[in-house]
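In listed order, ligands and their atoms are each counted from 1.
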Amino acid sequence: MEMGKVVTIDGPAASGKTSVSRELAKRLGWSWVSTGAFYRGLAFAALETQANLEDENALAALANQREVWAVKMDDEQTSVHFKGRNVTDLIFREDVGSVASKISHFPKVRSALLGAQRACSETTEGLVAEGRDCGTVVFPTAEAKIYLTASQENRAERRAREQGANAEEIIGAQKQRDEQDSTRKAAPMKVPEQALVLDSTDLGFEDVVGEVEKFVRSKLSV
Ligand code: DC
């Protein structure tokens, strides 16, 4: 299968990688995927079907049940469908994020989701993929890699604004999720080699996208 060019943006929860990567994809005229949707979608399906969240084999089997749940890419969102229903709005709850983070440490779950994530770069001229391990594991030969981060407070405030919640309530769950994501044995979140590391704490959205776009265009010569 023909593979298109790939740019990856990794980073911790609520670092802005979703909005930045989506805007970058628009500017390049490329496809876009948020790989967290695969983990969130599986977490949602596991909760709905009352799967045992400790059972790695059962979760890996559920990961492959495309008739139960599926991920679809489009320009505005990476959507999740469960039993034919679009449940994308429901997967961003912090409880689903927390289960997603927990089940993402199972190697069999990660490898079950890998093929579908990689397939996103097939039959497209280019793909911007965001997540935790896009530059290290999913697309190790990506043309350009970015690692986007921001202070804990800044990220909690961002997620609180999105969810209409209180930053203090979010910060505990987010800290725990960062810890889980970066200390797990299987594909821990880390800065990919040769990545542009960008701390967005004191930068506006336009500045971040501008920096990322400049870096990517220089790498791709486009
Ligand atoms: O990016 P996000 O917050 O939507 O991701 C939800 C969880 O999914 C995250 O806490 C860990 C997991 N995840 C992962 O392990 N690898 C990825 N590439 C993307 C997400």
Review point. Salt bridge between Lys26 and Glu76, side-chain N to carboxylate O under 4.0 Å?
Key: yes
Check your understanding: How about Ser104 and Arg184: does a side-chain donor come under 3.5 Å of a side-chain acceptor?
Key -> yes
Point to revise | Partner of Thr18 under side chain to side chain donor-acceptor pair (under 3.5 Å), chosen from Gln77, Glu23, Glu130 | key: Glu130
**Study point:** ring-ring contact (aromatic ring centres under 6.0 Å, His included) partners for Phe44, two or more places apart
**Key:** Phe82
Contact table ligand 1 N or O to protein N or O, d under 3.5 Å:
residue, atom, partner, partner atom, Å
ligand 1, 1 (O), Arg132, NH1, 2.8
ligand 1, 3 (O), Arg40, NH2, 3.0
ligand 1, 3 (O), Arg132, NH2, 3.2
ligand 1, 3 (O), Arg177, NH1, 3.0
ligand 1, 4 (O), Arg40, NE, 2.6
ligand 1, 10 (O), Arg177, NH1, 2.8
ligand 1, 10 (O), Asp181, OD1, 3.4
ligand 1, 10 (O), Asp181, OD2, 2.8
ligand 1, 15 (O), Arg110, NH1, 2.8
ligand 1, 15 (O), Arg110, NH2, 3.4
ligand 1, 15 (O), Arg184, NH1, 2.8
ligand 1, 15 (O), Arg184, NH2, 3.2
ligand 1, 16 (N), Arg110, NH2, 3.1
ligand 1, 18 (N), Thr35, OG1, 3.0
ligand 1, 18 (N), Arg132, N, 3.1
ligand 1, 18 (N), Asp133, OD1, 2.8

Review point. Between Arg110 and Asp133, does at least one N-O distance fall below 4.0 Å, as a salt bridge requires?
Key: yes
Practice item. Quick one: closest heavy-atom pair of Ser200 and Leu148, and the distance? Key: CB-CD1, 4.4 Å
